[in-house]
Number of protein chains: 2
Amino acid sequence: MTDLSIGDLSRRVAVKVPTIRYYEQIGLLHAPPRTEGRQRRYGPDDVSRLSFIRHARDLGFDVEAIRELLSLSTQPDESCHPADQIVLRHLESVERRIAQLTLLRSELRHMLEECRHGPMRECRIIQVLADHDQCRHEHGKVS
Amino acid sequence: MTDLSIGDLSRRVAVKVPTIRYYEQIGLLHAPPRTEGRQRRYGPDDVSRLSFIRHARDLGFDVEAIRELLSLSTQPDESCHPADQIVLRHLESVERRIAQLTLLRSELRHMLEECRHGPMRECRIIQVLADHDQCRHEHGKVS
DNA sequence: TCTTGAACCTCTAGTCGCTAGAGATTGTAG
DNA sequence: CTACAATCTCTAGCGACTAGAGGTTCAAGA
């Protein structure tokens, strides 16, 4: 009744089956007990833990951060400052990313505005790429 | 005089040496002539082509898009509409990304505001992760 | 001309967070 | 009991590089 197959867990938490196995492999999820035929069977704690992981992934935390958050969450008497710090660090990286992308967006919009829709040889888009000095400003790597 | 080693090219265009070799391997750059000792020697056209690639990468275009842009740029009499479309497509994906990240940022800010900086057991950060229904709204994958 | 050592060469593997597929086994409904 | 869906393990692939091993070549100074 309480025991779920990996497919049940997958549907309940909306995490794909191979992803669940992957999380086990990298140690985010504990290896669950198995049936006689070596199939995984999960209990309620696994559902909670996987939900936690999924929500954290949705919020863009990387696996290392999630590992720390999970481990912190098992120490209810400690200060939550370290968890705070992890979130703050992530927020800052999101903000940096937004700043980069905003710059990028304005560059791309500018390129499109400049485009006269004529033949390629007059195309500002190609020109800007070929000769970057035409460009208004520098920006960091986007990656 | 006009022939550059891979290191010279690297410094001139600010693209790392292994990256240049990688671009050759995936067919973004032509395989250049070699010295007797099998070292690569580049000419001015290679400098231009690699600059083009670098600028496009800085603008966040992926290799496939760059491949198309490079090939379009060699057809000066054709309409620049296809190039236009590539830029537009990219702009739209940047805009989607910004929208996602902006949502994310507000979630993370909210989490930090809610945090009372007490013990972990009262930490809203951990609670929100463990029980996502506390969360104000859904958002797409960030990846 | 010789020597040194920086720069070059190829090849493989690792990054991150999965995803896809092959080929074999197991669980379960009818 | 029989299908067949679901599960299993294992390996490889994605994108755009990056790192490192182990070997070779180039060019400047003595």
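Letters A, B, ... mirror the listed sequences (proteins, then strands); counts begin at 1.
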Interatomic distance, A:Leu28 CG vs C:dC16 P [rounded to whole Å]:
13 Å

Could you check how far CD of A:Glu24 sits from C1' of C:dC18, rounded to whole Å?
16 Å

When you check the phosphate oxygens OP1 and OP2 of C:dT19, does a side-chain N or O of A:Thr19 lie under 4.0 Å from one of them?
yes

Are B:Tyr22 and D:dG15 close enough that a side-chain N or O sits under 4.0 Å from OP1 or OP2?
no

Over 12 foreign heavy atoms within 6.0 Å of CZ, B:Arg121:
yes

Give the rounded distance in Å between these two atoms: CD1 of A:Ile66 and C1' of C:dC16.
12 Å

Taking atom C1' of D:dC8 as reference, at what distance in whole Å does atom CD1 of A:Ile20 sit?
14 Å

Out of C:dT28, C:dC18, C:dG17, which has the shortest distance to the side chain of A:Asp62?
C:dG17

Atom CG of A:Leu9 and atom P of D:dT7 are separated, to the nearest Å, by 10 Å

Closest-nucleotide 5' rank along DNA chain C - winner of B:Gly7 and A:Phe61
B:Gly7

Polar contact flag, side-chain donor to acceptor under 3.5 angstrom, A:Ser5-A:Asp8:
yes

Any A:Lys16 side-chain N or O less than 4.0 Å from OP1/OP2 of C:dC18
no

Taking ring-ring contact (aromatic ring centres under 6.0 Å, His included) as the cut-off, I'd like each qualifying pair that reaches into residues 58-98 of chain A, sequence neighbours left out, listed once.
A:Phe61-A:His90

Among the nucleotides C:dC8, C:dG17, C:dT28, whichever has the atom closest to the side chain of B:Ile6 is C:dC8

Could you check whether A:Arg109 pairs with B:Glu95 (Lys NZ or Arg NE/NH1/NH2 to Asp/Glu carboxylate O, under 4.0 Å)?
yes

With the side chain defined as heavy atoms from C-beta on, A:Tyr23 is closest, among D:dC17, D:dT7, C:dC18, to C:dC18

Which listed nucleotide (D:dT18, C:dG17, C:dC8) is nearest to the side chain of A:Val63?
C:dG17

Would you mind reading off the distance between A:Tyr42 atom OH and D:dT7 atom C1', rounded to a whole angstrom?
11 Å

Nucleotide D:dA16, atom C1' - distance to CG of B:Leu50 in whole Å
14 Å

Closer than 4.0 angstrom, basic N to acidic O: yes or no for B:Arg124 and B:Glu113?
no

All N/O pairs under 3.5 Å across the protein-nucleotides 9-12 of chain D interface:
from: D:dT9; atom 1: OP1; to: A:Arg34; atom 2: NH1; distance (Å): 3.1
from: D:dT9; atom 1: OP1; to: A:Arg34; atom 2: NH2; distance (Å): 3.1
from: D:dT9; atom 1: OP2; to: A:Arg40; atom 2: NH1; distance (Å): 3.0
from: D:dT9; atom 1: OP2; to: A:Arg40; atom 2: NH2; distance (Å): 3.0

Whole angstrom value for the distance that separates C1' of C:dC16 from CD of A:Glu64
11 Å

Among D:dA16, C:dT19, D:dC26, find the nucleotide with the atom closest to the side chain of B:Thr35.
D:dC26

SB check B:Arg89 B:Glu92 (cutoff 4.0 Å):
no

Can A:Arg49 and A:Asp45 be counted as an ion pair, charged N to O under 4.0 angstrom?
no

Side-chain atoms of B:Val17 come closest, of C:dT26, C:dC8, D:dA16, to C:dC8

Nearest 0.5 Å please: distance from the CG atom of A:Leu9 over to the CG atom of A:Leu4.
6.5 Å

